[in-house]
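Below, chains carry the letters A, B, ... as their sequence lines are ordered, and counting in each starts from 1.
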Number of protein chains: 2
Amino acid sequence: MNIGQAAKASGISAKMIRYYESIGLMPPAHRTEAGYRAFHEKDIHALRFIARARSLGFSVEQMSNLLALWQDRHRASSDVKAVALAHIEELDGKIKKLQDMRETLEHLVKHCHGDARPDCPILGDLAAESVELDAELTL
Amino acid sequence: MNIGQAAKASGISAKMIRYYESIGLMPPAHRTEAGYRAFHEKDIHALRFIARARSLGFSVEQMSNLLALWQDRHRASSDVKAVALAHIEELDGKIKKLQDMRETLEHLVKHCHGDARPDCPILGDLAAESVELDAELTL
DNA sequence: TCTGAAGTTTCCTATTATTGGAAAGTGAAA
DNA sequence: TTTCACTTTCCAATAATAGGAAACTTCAGA
């Protein structure tokens, strides 16, 4: 199987397959005599594993852990669960941050006329004198 | 005001202040005879504006728009509102994506014993044969 | 006035995951 | 044999930020 076919079969671009190999997430692929990478079923499985993990937002480093656990038949499911839970917390943190931003912005938008007049609380907020920072300066 | 003081007063690191200047988000700072950047109140205002916008998740490009609107006394508040609304949609998209990931992962975690045994539905899901991709290949 | 510390300058590097391109080589079919 | 699609490696770019090096400036203390 060439890299192009492996890409189609796994949903990971050829570029990224080479990249994952270069950083050691995937082991060096076998090669044909001419130097073409040759992928076997086992490799495709690993690539799909990676694709799925990526779609769940795992970083390359986390995927590296997951792959190691996956390939260790004697892993404890608690180890896997720990990685997953840590990732959930990470996701929660990001979600919270985005929701906070969204809320603030929503609030500002609600108070903006949104007409031809120039006065706008959104810009007003952005330009507000930040008293807190001044306070910090005097600490 | 030196760059270090400007950094403290605005909450933006000296590195980033130079960066924002280099990409044109901030106009070139005035210079002392020795070549040190000299910041005035007006600059600090702009930097704080940027800091606030950053904290709301606006990208450099969006901030560039907002700054232009801010400095245009005749802007229509509807223009500002449009930028903000577009950003809210962007945030919503990101939030949704993260929540979807979180949900899937939460579901998997719930079904994982999390003990010393090796069987784990999390890895099971990651390693699952992806039938959809095969189907796509035959299109 | 000299000296040293702290601040500043520019330039280069790295990060993360991904995409793009160029130049050269390979595969396969007509 | 030509041609087209594919592959190879290498280099560059993205967005926002951080780190460091070498050279220069400022300023306070001796």
Side-chain angles (χ1 to χ4, degrees), chain A residues 1-26 28-40 43-44 46-47 49-67 87 90-91 93-94 97-98 101 137, chain B residues 1-26 28-40 43 47 49-67 87 90-91 93-94 97-98 101 137:
Chain A
M1 221 177 189
N2 276 345
I3 198 170
Q5 298 168 292
K8 270 184 197 154
S10 67
I12 299 181
S13 73
K15 282 264 170 184
M16 288 311 294
I17 293 176
R18 290 193 198 97
Y19 172 69
Y20 288 146
E21 180 184 315
S22 80
I23 62 171
L25 182 61
M26 285 287 289
H30 299 126
R31 300 284 186 143
T32 65
E33 291 204 346
Y36 278 25
R37 285 177 182 79
F39 297 87
H40 308 297
D43 307 310
I44 305 303
L47 287 172
F49 183 103
I50 291 172
R52 178 80 178 123
R54 256 342 257 127
S55 79
L56 288 173
F58 284 100
S59 70
V60 166
E61 204 186 343
Q62 290 170 316
M63 289 194 291
S64 181
N65 292 332
L66 287 173
L67 276 168
H87 186 43
E90 212 175 289
L91 291 175
K94 289 183 184 172
K97 209 168 155 188
L98 293 177
M101 291 180 190
L137 281 180
Chain B
M1 221 181 190
N2 277 344
I3 197 170
Q5 300 168 293
K8 270 183 197 154
S10 67
I12 297 181
S13 72
K15 283 258 170 189
M16 288 311 294
I17 293 177
R18 292 193 197 98
Y19 172 69
Y20 288 145
E21 179 184 315
S22 81
I23 61 171
L25 182 61
M26 285 287 289
H30 300 127
R31 300 284 185 143
T32 66
E33 292 205 346
Y36 278 25
R37 285 178 183 78
F39 297 88
H40 308 296
D43 306 312
L47 287 171
F49 184 101
I50 289 172
R52 178 82 178 120
R54 260 332 262 130
S55 79
L56 288 174
F58 284 99
S59 70
V60 166
E61 205 187 343
Q62 290 171 317
M63 290 194 291
S64 182
N65 292 333
L66 287 173
L67 277 168
H87 186 43
E90 214 175 286
L91 290 175
K94 288 182 184 174
K97 208 169 155 187
L98 292 176
M101 290 181 189
L137 282 179

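- A donor-acceptor pair is defined here as one N or O able to donate and one able to accept, closer than 3.5 Å; such a pair exists between the side chain of A:His87 and the backbone of A:Leu56.
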Under a 4.0 Å heavy-atom criterion, the protein footprint on nucleotides 16-30 of chain C, written with B, S and -, is -BBBBB---BBS---
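- The two residues B:Leu98 and A:Lys94 come nearest to each other via the heavy atoms CD1-CB, 3.7 Å.
- Counting to the nearest Å, the C1' atom of C:dT9 and the NE2 atom of B:His30 are 18 Å from each other.
- OP1 or OP2 of D:dT9 lies within a sub-4.0 Å distance of a side-chain N or O belonging to A:Arg31.
- When the C1' atom of C:dT8 is taken as reference, atom CD of B:Glu21 falls 13 Å away, rounded to whole Å.
- Look at CD1 on B:Ile17: it is 12 Å from P on D:dT17, rounded to the nearest Å.
- With sequence neighbours excluded, the residues satisfying side chain to side chain contact (heavy atoms under 4.5 Å, CB included) with B:Ser55 are B:Arg52.
- Side-chain contact check for B:Asn65 versus B:Phe58: every heavy-atom pair is 4.5 Å or farther apart.
- Heavy atoms of other residues, nucleotides or ligands lying less than 6.0 angstrom from NE2 of A:His30 number 12 at most.
- Residues passing the ring-ring contact (aromatic ring centres under 6.0 Å, His included) test with A:Phe39, sequence neighbours excluded: none.
- The distance between atom CD1 of A:Ile3 and atom C1' of D:dC6, rounded to the nearest whole Å, is 11 Å.
- Protein atom CZ of B:Arg18 is 19 Å distant from nucleotide atom P of D:dA16, rounded to whole Å.
- Overall, the helix from C:dT1-D:dA30 to C:dA30-D:dT1 carries an axis bend of 30° between its ends, with five pairs at each end and the value rounded to 10°.
- Not a single salt bridge (Lys or Arg N to Asp or Glu O under 4.0 Å) links B:Arg54 to another residue, sequence neighbours left out.
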Could you go through residues 14-26 of chain A and list every donor-acceptor pair under 3.5 Å that involves a side-chain atom there, pairing it with any protein atom two or more places apart or in another chain?
residue	atom	partner	partner atom	Å
A:Glu21	OE1	A:Ala29	N	3.3
A:Glu21	OE1	A:Arg37	NE	2.9
A:Ser22	OG	A:Tyr19	O	2.8

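- Contact annotation: A:Arg37 side-chain N/O to D:dT7 OP1/OP2 distance is not under 4.0 Å.
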